[in-house]
Every structure is written in structure tokens, then in C-alpha cells.
2 protein chains.
Amino acid sequence: MQTPGEFVREQVTTVRSTVDRVAGSVAESVAGSVGEKPSVAAVSSQVGDFIREQRSAARVSLRELARAAGVSNPYLSQVERGLRKPSAEILASIARGLKISAETLYEQAGILDRRSGNPDTVAAIRSDEGLSERHKAVLLELYETYVREHRSATETSARAAAAARPAAASQPAVQPRNSKESA
Amino acid sequence: MQTPGEFVREQVTTVRSTVDRVAGSVAESVAGSVGEKPSVAAVSSQVGDFIREQRSAARVSLRELARAAGVSNPYLSQVERGLRKPSAEILASIARGLKISAETLYEQAGILDRRSGNPDTVAAIRSDEGLSERHKAVLLELYETYVREHRSATETSARAAAAARPAAASQPAVQPRNSKESA
DNA sequence: CAGCAGCGCTTGCAACTGCTAGCACCCCCG
DNA sequence: CGGGGGTGCTAGCAGTTGCAAGCGCTGCTG
């Protein structure tokens, strides 16, 4: 029987080989939704629709929002109708005008991927100076993977305890073994 | 002892960096008189410097990164030198090529606010309720491994820097090792 | 009725982004 | 020496972004 330390070490080794594969898709998980030209048009329309929704909800005219945001109203109109694809700076300005977070619009625009997990943990890893940027990216990706697993495992076990184990085997090399060890 | 070629190369490098510094301050003082521009120029230079650093750390040529990122190498060169301000999409592509998260580059570019995290990554992971205990252990082990690697790379770089000081090779030779180990 | 204020949108343009073609330089080989 | 491979950068250009000037429409007022 393995000691806990050995078990962890083995996991780390397994994780290492997985991490190399995962690392290649790290920024892709963020950029993937921005990569393909076809979806760009849809995304422009999405953020435009979203802006219009928020503006309507706030009962603000296009000109009022444009003024508040510091952008031209014709341009804002074009953005809302998906005719133009605004830069991040413009999105941030519009967010300010709408009194919502810029990240919200970035996500709608497909610029920023929604992060799972605890923002504090994410921020801790991101700001840790003892890590290289690449290692940060790898840890964050793994962290998110685990959080998603934990979440789905929690939901699955809430539904049917018997089905919980097979469902946990949906993730790559790491989780299956983990699952086996606990069984 | 330096060869004549090395000496000339060193001189050219020195001249280059001087010119860049002077050019940078010129652009800054010009932009400063326009009001908003200064911070934009500074930010463009910041993300460009950061990209160059990460690229050097990864021991990747400009062309290789450009290829990996799917952007043109002249454009990447201009971005690194702060001559152009890339869109979020381009930043995400570059991040993918560098195998780091896009958010990192967004932060450097001033598009995304940096969230100050818990200074203690270990504590953050430990107290994260979105993780199972096993996953916490795995993440922490990996984290420690990475920190150790980073630390030894830093120490190696400190030694290498001392040895390399006469050659004045402020360029990478140091961190590539880190990159190799993680790759 | 005309005039005014508001609404959102059209049009043309300057500035910018990201690219291609090519340059200058370096190193190595036959 | 010339040729090949690599490096990073220059210059010109097409397409895009964000703007200003202006349009057409609606409702209200004297």
C-alpha cells in the first residue's frame, strides 16, 4: 500500500505528463473562442446585443450611454448592431458608462474566458512571484480542471451515488487513477 | 577575452539599447504633451517588453514565436518594441504561442486589472472549497515543484550572471534552463 | 404650419492594425 | 569566394476602427 506522500508523488508524475499536453491548450482555452473568423461576427453581434440589453435595462438612450462612455453615438450604434468590433478599450469605456465590469463585456466579446473556481485562489496563483508565467498557466489550467471535476462529482453524487464513480472518469490521466485508488 | 566580432556585436547592442532608450523618451515626451497618449505608449512598451522577456525566457526566436502565435514576425517585432498596440485577439495569440495565459498579457497591456491575491498561494489552495483534498495535495505538490525549479533557476541565473558579467550578456542564457526543464 | 429637441442611423474620412515583400546582418559550408 | 540558413527589422499597403458631419424620423410647442 502506498504512503500518502508516495501517492502524491505518483500523482505529480502523472500530472507532469498530462501538464505538457495541457500546456499547449492553456491560452487556447481563452483564445479558442476568438480564434475562428466565423465566430467573430457572431461574437460581435453577441456583445452588441448584450450592450443593448444592458442599456435598455438601465433605460438609457443610445446617446446618453455614448456620452457617459465617452464614445461617439453612431459608433455605439454600430457596435450594438454588430457592424463594428470594438477594441478592449472601447469595451471598457462602454462598461464604465453602463456601470458594469469591463470583464463582463470582455467575456461577451469572447476576449476573456470565464474562470471557474475561487477568484482568490486564481489571484493568488497569478500574483505568486515564485512561479514563472508558464507554470502559472499550467497550474491555473489544472486548478480549473479539478474545480470542474469536483463540481460535477458533487452534482453527480447528489443525483445518484452509484453513478458518481464512472462519471468521475470523464477526465484524462489524473482522475481515473485517483478514482481507482479510492475504490 | 572577446573576439573582435563579439566586441563589435556588444557595441552594436549597446548602441541599439541606447538609441531605443532615447527614442523611447522622445516619443514619451512628445506623447506627454498630448495628454492621454503617454500612458498608452508606456503600456504598449510594457507589454512589448514583457513579451520579449517571456520569449527570451523560453529561448524562442522572434520568428518561431510569431509562427507559433500565428502572427507575422515583423508585426511581433513592432509589438515587442512598442511601435504597435496589438488587439486583444493578437495578445491572446501571442500568449498561446508563449504558452502563458492571455490574462497575463492583458494585464501587462492595461486591458485587464490586476487582482491582488492572497500572498500565500499554499493557504489559498488549502482553503479552497472547490477542491477535493486529493486534488489540493496534487496541486500543492506541483506548486512546490515549480517553486523549487524557479528558485534553482533563479540561483543558477545568479551564478551565471556573475560568470557572464564580463561578457555583459544581459540576454537570456540564464532562464532558458528553466524553460527547458518545464518544457 | 415652422421650429425645436430628442431619437437612432448613414456616410466619408483619418488614423491605426496587421500583413507581405524584401532588406541587412550573421554564421556556416563547399 | 558564393550560397544557404538563420536572425530581426523597414516600408508600403489593404482592411478596420472610431470619429464628425449630417440625415430622417418622432413628438411637442407657439
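The sequence lines fix the lettering, A, B, ..., with proteins before strands; numbering per chain opens at 1. The analysis underlying the following values was restricted to heavy atoms, covering all of them including side chains, and did not include hydrogens, waters or symmetry mates. It should be emphasised that the depicted structure is a prediction, and the values quoted were computed from it without experimental measurement.
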Item to check | Length of the NZ-C1' vector between A:K85 and C:dG18, whole Å | outcome: 12 Å

Next on the checklist: Apply side chain to side chain donor-acceptor pair (under 3.5 Å) to residues B:Q54 and A:E133 and explain how you reach the verdict.
Outcome noted: CA-CA 8 Å; B:Q54 295 300 313; A:E133 290 299 329; 5.0 Å; no

Next on the checklist: Can you confirm whether A:L139 sits close enough to A:D128 that some side-chain heavy atom of one is under 4.5 Å from a side-chain heavy atom of the other?
Outcome noted: no

Checklist entry - What's the CZ-P distance between B:R84 and C:dT20, to the nearest Å? => result 14 Å

Next on the checklist: Just the rounded figure in Å: distance from P of C:dT17 to CG of B:L83.
Outcome noted: 11 Å

Item to check | Gap separating the CG atom of B:L98 from the CZ atom of B:F50, nearest 0.5 angstrom | outcome: 8.5 Å

Checklist entry - To the nearest 0.5 Å, what is the distance between CD (A:E89) and NZ (B:K85)? => result 3.5 Å

Checklist outcome for this item: Rounded to the nearest 0.5 Å, the CZ atom of A:R55 sits from the CD1 atom of A:I51 at a distance of 9.5 Å

Checklist entry - Looking at OG of B:S56 and CD of B:E80, how far apart are the two atoms once the value is rounded to the nearest 0.5 Å? => result 7.5 Å

Next on the checklist: If you define the side chain from C-beta out and look only at heavy atoms, does anything of A:L131 sit under 4.5 Å from B:H150?
Outcome noted: no

Checklist entry - Does anything in residues 65-78 of chain B reach DNA chain D, meaning a heavy atom under 4.0 Å, and if so which residues? => result B:N73, B:P74, B:S77

Checklist entry - Should B:V79 and B:L83 count as side-chain neighbours, where that means a heavy-atom distance under 4.5 Å? => result no

Item to check | Under the side chain to side chain donor-acceptor pair (under 3.5 Å) test, residues paired with A:R126 that sit two or more places apart | outcome: B:S101, B:T104, B:E107

Checklist entry - Among residues 90-107 of chain A, which residues get a heavy atom nearer than 4.0 Å to DNA chain C? => result none

Checklist entry - Do any pairs count as a side chain to side chain donor-acceptor pair (under 3.5 Å) and have a residue in residues 70-79 of chain B, sequence neighbours left out, and if so which ones? => result B:S77-B:R81

Checklist entry - Taking DNA chain D as the partner, which of residues 55-64 of chain A come within under 4.0 angstrom of it by heavy atom? => result none

Checklist outcome for this item: When rounded to the nearest 0.5 Å, the distance separating CD1 of B:I125 from OG1 of A:T121 is 7.0 Å

Next on the checklist: At 10 degrees resolution, what angle do the end axes of the helix from C:dC1-D:dG30 to C:dG30-D:dC1 form when each is taken over five base pairs?
Outcome noted: 30°

Item to check | B:R81 side chain near D:dT10 phosphate (N/O to OP1/OP2, under 4.0 Å) | outcome: yes

Next on the checklist: Any salt bridge linking A:E144 with A:R148? Criterion: basic side-chain nitrogen under 4.0 Å from a carboxylate oxygen.
Outcome noted: yes

Next on the checklist: Could you walk me through whether A:Y143 and A:N118 satisfy the side chain to side chain donor-acceptor pair (under 3.5 Å) test, starting with their C-alpha distance in whole Å, then the side-chain angles of each, then the deciding distance to 0.1 Å, before giving a yes or no?
Outcome noted: CA-CA 10 Å; A:Y143 168 69; A:N118 188 333; 5.5 Å; no

